[in-house]
Amino acid sequence: MTQVAEPISATHVPGANYALLVARAVRVLNSAGVMHMSGHLAVRDAGDPNRIWINSRKASRSTLTAADIVPVDLTTGKRIGAGDEPPSELPIHLAVFRRRPEVGAIVHTHPEHVIVLSIVDIPLMPVHLAAGFLPERAPVWDDPNIINSQERGEVLADHLGDSTVLVIRGHGVVVVGATFEEAVARTVLVAENARIQANASALGSPKTLKGDELARAAKQMCQPIVMKKHYHYHEQTAGQLGGLDGVGG
Ligand SMILES: [Zn+2]
């Protein structure tokens, strides 16, 4: 199973403006068509590993700014300071960050074709060379419900294990990365891979990447520098489309 143990990237560093960084990354995910109206991104502060930053429950993912990003204490699970509250599914992020110290960022969202595969019991599997970070069969939590309690967060983390991705049937996906660039790039690639896999499954029996093929794909296509290139592409595209207008910075 693919591990995430790459070093923190140059932009994911102590002292970074995490509120702005998360706001921009959420807008990038939204412009790439994978954020959905209620998705969220949480990033661990490299200067204080007990602090995470997440988009607020109420702010629109299409227009939020740095002021809509909420700092949360990982130990207590409470917001730091006064202001808007984090999303109701914060327990996803608390449970996974507490168990996985190598994880620097987590995306939870609801990509259509991930859900399509999950409701016909087809496991998400790597079919696209660029998605070589996926395990041969992504784990699935067969429980279509929201994750709004500590107890459910712990069960989710059990199902995720050391995977890069967890599918939740009829609901969506959790994607982790060492950095926010990696988590964002992987999320877009998970949605693409799922779309390709679903289309191929309608035509026949897809050939999936396994064993040595998968290891080669991970090595050639999924290194941190490649994930940064993906992120840069999506960030530049978002900017050209106006998706970053008014975000600040
Ligand atoms: Zn959800």
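Note that ligands are numbered from 1 as they come in the structure, with each ligand's atoms numbered from 1 the same way.
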Looking at His171, the N/O/S atom that lies nearest to the Zn ion (ligand 1) is called NE2

By atom name, which N, O or S atom belonging to Glu89 lies closest to the Zn ion (ligand 1)? OE1

Consider only side-chain heavy atoms of I, L, V, M, F, W and Y, link residues closer than 4.5 Å, and tell whether Ile146 and Leu90 are in one cluster. no

For His36 together with His108, are the ring centres under 6.0 Å from each other? no

Judged by atom type as modelled, is there a donor-acceptor pair below 3.5 Å linking the side chain of Glu182 to the main-chain atoms of Met227? no

Within rounding of 10°, what is the angle whose vertex is the Zn ion (ligand 1) and whose arms end at NE2 of His108 and NE2 of His110? 100°

Distance-only, no hydrogens or angles: does the Arg100 side chain make a donor-acceptor pair with backbone N or O of Ala95 under 3.5 Å? no

